[in-house]
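Written below as structure tokens is the structure these notes are about.
The chains referred to below are lettered A, B, ... by the order of the sequence lines, with proteins before strands, and numbering in each begins at 1.
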Protein chains: 2
Amino acid sequence: MKDGPDISRVAALIGDPGRANMLAALMSGKALTAGELAAEAGVSSQTASAHLQGLEAGKLIVRTKQGRHHYFKLASDDVAGVLEALMGLAAKTGQLRTRTGPRDAELRLARVCYNHLAGDMGVALFDGMMARGFLHVKADELALTAAGYKKMAALGIEVEGKSRAPLCRECLDWSERRSHLAGRLGRSILEHVYAQGWAKRVEGTRAVRFTGLGGAAFRKAFEF
Amino acid sequence: MKDGPDISRVAALIGDPGRANMLAALMSGKALTAGELAAEAGVSSQTASAHLQGLEAGKLIVRTKQGRHHYFKLASDDVAGVLEALMGLAAKTGQLRTRTGPRDAELRLARVCYNHLAGDMGVALFDGMMARGFLHVKADELALTAAGYKKMAALGIEVEGKSRAPLCRECLDWSERRSHLAGRLGRSILEHVYAQGWAKRVEGTRAVRFTGLGGAAFRKAFEF
DNA sequence: TCCATAGTTCGATCTCAACCGAACCATGCA
DNA sequence: TGCATGGTTCGGTTGAGATCGAACTATGGA
């Protein structure tokens with residue numbers, strides 16, 4: 001009974017530790033070069049090249065050539081979604097790699113998930129926006145309310161855009177097992193957070209470090 | 001940078017065609033025996049035995065021994081969720097296995113997804129219940145409204161239960177790319193549909209075939 | 001007690017893919 | 001033009017795991 005699409009091809013691509021590490025690195029949302037991804041996966045550049053070809057052929061990542069560098073990023077938010085789901089399941093089934101150390105705590109507090117904010121802060125933001133009536137769900141579609149549009153305008157956050165990617169999308173958190181805000185709006189808000197200097201990325205990890213004042217200002221601005 | 005849980009173990013388990021077929025078969029929600037799963041995957045019983053051990057060790061499935069039969073089912077709704085997500089992505093990236101034939105159309109119309117109703121009918125039910133105000137979403141939690149509880153009581157559908165599994169849950173559809181209703185309520189409703197004789201499973205597939213009167217009665221009962 | 005059936009274990013085989021050394025192409029810079 | 005750097009291609013090696021034949025264990029029934 002071979003109903004439905006062929007799962008195993010995609011899963012097999014993610015199933016190699018090297019490729020999985022590359023994909024996890026790309027979850028940061030940044031486009032990375034072949035060399036960086038090779039280092040990330042801990043393999044030689046030749047091996048990395050082969051893996052990247054495979055991932056590209058499987059449409060999990062896309063390549064942009066720029067000069068003598070090849071930049072790679074995740075092909076779509078759907079791919080990021082599957083990876084998050086897998087992380088959630090892997091965390092739950094106890095295949096944990098995370099030893100709860102200081103850096104780990106920082107990751108649980110706030111980190112980037114693809115291109116938006118995840119962790120405690122991400123979940124709190126989502127819950128707050130729902131409670132304040134800035135977001136609502138109707139027939140499975142997450143959307144900004146009129147009040148939400150007004151709020152974003154007041155904060156100077158871009159919500160228009162020609163891209164047909166969804167403005168609002170939920171994304172399940174592997175540490176919190178709760179939803180946080182993804183989609184174009186999620187990305188815009190994270191960019192706003194950076195622009196205001198409320199927080200910045202911790203070099204070399206996916207953690208986002210808020211300043212004391214920045215965290216307070218963020219909560220105040222979004223009223224949560 | 002090895003942030004987060006170890007994805008690749010889980011993905012590798014799903015990445016073998018044989019095991020993927022087994023998991024897909026278990027998406028029907030029924031518990032299947034080792035022999036049935038071997039046939040499903042198209043491998044010998046010895047090979048199947050090895051695969052089933054792996055899946056069990058990886059906590060993707062659970063085993064129940066009953067006499068000389070070993071029954072297997074998916075370990076949790078999370079596993080089903082990951083499989084659905086992978087199906088969605090695989091369908092989108094064009095790794096389609098489905099030739100759109102008559103049986104395929106039937107699958108798109110109505111099928112079981114783990115233990116609840118998916119396909120056109122499943123999505124329509126979900127949308128209808130949201131529109132009628134039987135369901136609402138608050139802070140990422142999908143829940144029955146007072147009106148929803150009343151309606152279920154009127155239809156004689158069990159909604160209480162000691163299980164701590166969520167009563168309501170959304171589940172993304174690979175054919176529709178929309179949400180339908182999962183969770184304990186989703187299961188109860190499907191059982192109600194069977195009990196009323198509105199529809200029954202098509203032997204050997206995941207398709208659910210509604211009778212003409214049954215489909216109408218179903219729509220009438222849930223007002224969509 | 002004997003047999004049939006369901007499933008597992010063991011052992012051997014074999015294929016596929018991950019890996020890297022070496023050579024090769026392409027771009028940027030001096 | 002020459003050189004350094006980033007990436008890819010090719011070839012050969014290796015190891016993990018998928019597979020099945022054969023033997024073994026457990027349950028149910030005659």
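Distance B/Lys65 NZ to C/dA6 C1': 12 Å, rounded to the nearest Å. In this structure, the NE2 atom of B/His69 is 10 Å from the C1' atom of C/dG7, given to the nearest Å. Nucleotide C/dT5 holds its P atom 17 Å from the NE2 atom of B/His70, rounded to whole Å.
Rounded to 10°, the helix from C/dT1-D/dA30 to C/dA30-D/dT1 has 20° between the axis fitted to its first five pairs and the one fitted to its last five.
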Summarise how protein sits on nucleotides 11-24 of chain C as a single string, 5' to 3': B when a protein heavy atom is under 4.0 Å from the base, S for sugar-phosphate-only contact, - for no contact.
-------SBBBB--
Show me the protein contacts with nucleotides 26-29 of chain C, counting only N or O atoms at under 3.5 Å.
{"residue": "C/dT27", "atom": "O2", "partner": "A/Arg68", "partner atom": "NH1", "Å": "3.3"}

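If you take CD1 on B/Ile14 and OG on A/Ser8, they are separated by 10.5 Å, rounding to the nearest 0.5 Å. Note: A/Glu40 CD to A/Leu26 CG = 8.5 Å, rounded to the nearest 0.5 Å. Note that CG of A/Leu89 is 6.0 Å distant from CG of B/Leu60, once rounded to the nearest 0.5 Å. With rounding to the nearest 0.5 angstrom, the CD1 atom of A/Ile61 is 8.0 Å from the CE atom of A/Met22.
Although no hydrogens or angles enter the test, the distance criterion places a donor-acceptor pair under 3.5 Å between the side chain of B/Arg19 and the main chain of B/Leu13.
The shortest side-chain heavy-atom distance between A/Leu125 and A/Phe218 falls under the 4.5 Å cut-off. The side-chain heavy atoms of B/Val82 and B/Asp78, taken from C-beta on, include no pair separated by under 4.5 Å. Between B/Glu84 and B/Met27 there is a side-chain heavy-atom pair separated by less than 4.5 Å.
Exactly one of A/Lys65, A/Arg63, A/Glu56 qualifies for a side chain to side chain donor-acceptor pair (under 3.5 Å) with A/His70. That residue is A/Arg63. B/Phe72 pairs in a side chain to side chain contact (heavy atoms under 4.5 Å, CB included) with only one of the listed residues (B/Thr33, B/Leu55, B/Val62, B/Leu37), which is B/Leu37.
Partners of B/Thr211 by side-chain hydrogen bond (donor to acceptor under 3.5 Å, both in side chains), not counting sequence neighbours: none found.
Bounding nucleotides for the chain B contact on DNA chain D, 5' to 3', at a heavy-atom distance below 4.0 Å, are D/dA18 to D/dG28.
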Donor-acceptor pairs under 3.5 angstrom involving side-chain atoms of residues 188-198 of chain A: please list them, not counting sequence neighbours.
{"residue": "A/Ser188", "atom": "OG", "partner": "A/Glu158", "partner atom": "O", "Å": "3.3"}
{"residue": "A/Ser188", "atom": "OG", "partner": "A/Arg184", "partner atom": "O", "Å": "3.1"}

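In this structure, B/Leu185 and B/Met152 approach most closely via the heavy-atom pair CD1-SD, 4.0 Å.
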